[in-house]
Amino acid sequence: MRTELRLGFFLLLTPLVLWLSLLIIIPHIDMFLVSLRERIGVGKYQLSLANYLTFLEEPLYLWTFLRTALMSIMATLITLVIAFPVSFYIAKMVKGRLQAVLFLLCLVPFWVSELVRTFGWMILLRETGVISNFLQWAGLVSGPVEMLYNDVAIMIGLVYTSMLFMVVPLVTTLESLDDAVIEAGYDLGGSGPSILREIIIPHAMPGIVSGSIVVFMLSLGNYLTPRILGGKDSLWFTELIYSQFIVRFNWELGAAFGFMLLILSSVIVWGMLRLTGQTLEKTMG
Amino acid sequence: MIPTIPQPRAVRLAYNAYIVLFFLYLALPLAVVAVFAFNDSQFPSLPWEGFTWDWFFGTERPKIGVFHERPILRSIGTSAFIAVVVSLLSVAVGTSNAFLFNRFQFRFRGFLYVLMLLPLVVPGIVLGISILVFSSRLANGLEDGTGLELEMLRPGIVLIILGQFSFITTIATLVISARLQRFDITLEEAAMNLGAGRITAVATITLPYLGPALIGAFVVAFLMSFENFNTTLMLVGSDAPLTITMFDRLKEGSTPLLNAVSLLLMLVSSLLALVMIMVQRK
């Protein structure tokens, strides 16, 4: 019996270990090693920090890196602010069938590929697009307006694309908050804002954190939305990685960029978990 | 701010209006994509030139419909093939992982669990390049060492499958674990008391119980694979899946053909969503 159990254990352990080591851990170590080498001749390399120095010394790279981080944080905050009232409405204001339907309606757009959603915004925002025509028809502007290819367009796209990943965890945590607790808050003389601050937000914290982590990650790693809504020169960090790998064929520098992106996302996720006293197992698992 | 607490009428109205606006915002991009699939014009934009089915069934240039556009049809096939393989693999490994974490206590369990979650917090493009770098090193090493040319380690369908599998497995594991945790283990013990072996007990009692989660995980994996862009972009070879083909077209300038493809995608994914809800409800 014991040997049978041991055998079963190792049979189940093998796929997990193979998957994590061959597809996650070793490739990342390898990417790190590639980022640490410098080409000194045809097929000749030496160990150096040259790629990271290039990253730090070239203002365009560093600026793009910081810009991507800041805009991703901003997109996360905007998504949170828009999603919170909606999630509260779905979790607390409506019940039964209507609740299920509204929740489902939130999910529907995200069954469709990000490409389609971004394409939709392109049709809406471009010079010959729906919004531009609507504004002209309403007499608010005199000629066509181009609303694509700027940071606001990128932001709209990012927030739209990540909305679901904020709404779902928020609804789940808010649903578990007992109405009686909110009522007790009012009975004890609390006002709307103070109850929001003292009761609702602390209770929703795990949902806020996991939603924010996912939205931040998705924005940071997004390539499609900045590229399509922001145009060729939208200065998003993933575009630098792509161009080093695919266009310039400079894998060493591209790997260094990839590693910087990985560090940035890990540091911010770790910081967010630290600040709020959550763990990865609790927020993701 | 809950229904049992009275609020001023203005606040209630403003809140409801906000919710309506929010759902309009959600629906707007999808609605315009769908509507312009029927515009009888070269471009998916205003003015409206009249209704047409040409972007679905048209056979002549410039208006070739989806059903006659070879490259699009081929890439749909590629995407579907990749998605089926990825879903099968990730549901299989996900089930194994779920049993491992649910049934066994062992050293490094917590550590392995966190490691298992990591693919979710690694940007997709980084997953893609790390696998690209590693597989190229393997391929080059093999070629230098043995002179063997392994085509599957170069960008293409195999690498796309591996790249997508690397993070979709985590999601499959979470979906299946969630249901396995609610399983009453005494049912399995009862089967074993009645003379079933462990494997028979799991196969006849536990796996059927997991059924809805397995189907759910499969559907989610299928959709995630079909729609994946970031990881796929770095690993794509000559056979591009649908998202990449559409992206290339979009960069060149779009025609309502893309709207028609998108509308079909919307219909298929809503259908899959419905199937999944029906299954979960049982």
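Note: hydrogens, waters and symmetry copies are ignored here, and every other heavy atom, side chains too, is used. Proteins come first, then strands; the chains are lettered A, B, ... in the order of their sequence lines, and each starts at number 1.
A 4.5 Å side-chain heavy-atom check between B:Met246 and A:Phe119 finds every atom pair outside the cut-off. With a 4.5 Å cut-off on side-chain heavy atoms, B:Ser130 and A:Asp30 do not count as touching. Taking 4.5 Å as the limit, some side-chain heavy atom of A:Ile24 sits within range of a side-chain heavy atom of B:Leu127. Two residues are said to be in side-chain contact when any heavy atoms from C-beta on lie closer than 4.5 Å; B:Met234 and A:Ile246 meet this criterion. Residues A:Leu124 and B:Pro29 form a side-chain contact, since some pair of their non-hydrogen atoms from C-beta on lies under 4.5 Å apart. Side-chain atoms of B:Val126 and A:His28, non-hydrogen and from C-beta on, do get closer than 4.5 Å to each other.
Looking at every heavy atom in both residues, A:Ile82 comes nearest to B:Tyr18 through O-OH, 2.7 Å. Annotation for B:Ser166 and A:Leu23: closest pair CB-CB, 3.9 Å, computed over non-hydrogen atoms.
Heavy atoms closer than 4.5 Å to chain A are found in the side chain of B:Leu265, but not in its backbone. Only the side chain of A:Phe245 comes within contact range of chain B, judged by heavy atoms closer than 4.5 Å. Heavy atoms closer than 4.5 Å to chain B are found in the side chain of A:Ile228, but not in its backbone. Only the side chain of A:Trp251 has a heavy atom closer than 4.5 Å to any heavy atom of chain B.
For B:Glu227, the salt bridge (charged side-chain N to carboxylate O under 4.0 Å, His left out) criterion is met by no residue, not counting sequence neighbours.
With hydrogens and angles ignored, the 3.5 Å screen pairs no side-chain donor or acceptor of A:Tyr89 with any backbone N or O of B:Tyr15.
Ring geometry for A:Trp121 against B:Tyr25 counts as tilted: the plane angle lies between 30° and 60°, on a 0 to 90° scale.
A distance of 5.0 Å separates CG in A:Leu16 from CZ in B:Phe101, rounded to the nearest 0.5 Å. How far OG of A:Ser113 is from CE of B:Met224: 12.0 Å, rounded to the nearest 0.5 Å. With values rounded to the nearest 0.5 angstrom, A:Trp19 atom CH2 is found 12.5 Å from B:Leu89 atom CG. To the nearest 0.5 angstrom, A:Met93 atom CE is 8.5 Å from B:Ile19 atom CD1.
Shown here is B:Leu24, whose CG atom has more than 12 heavy atoms of other residues, nucleotides or ligands within 6.0 Å.
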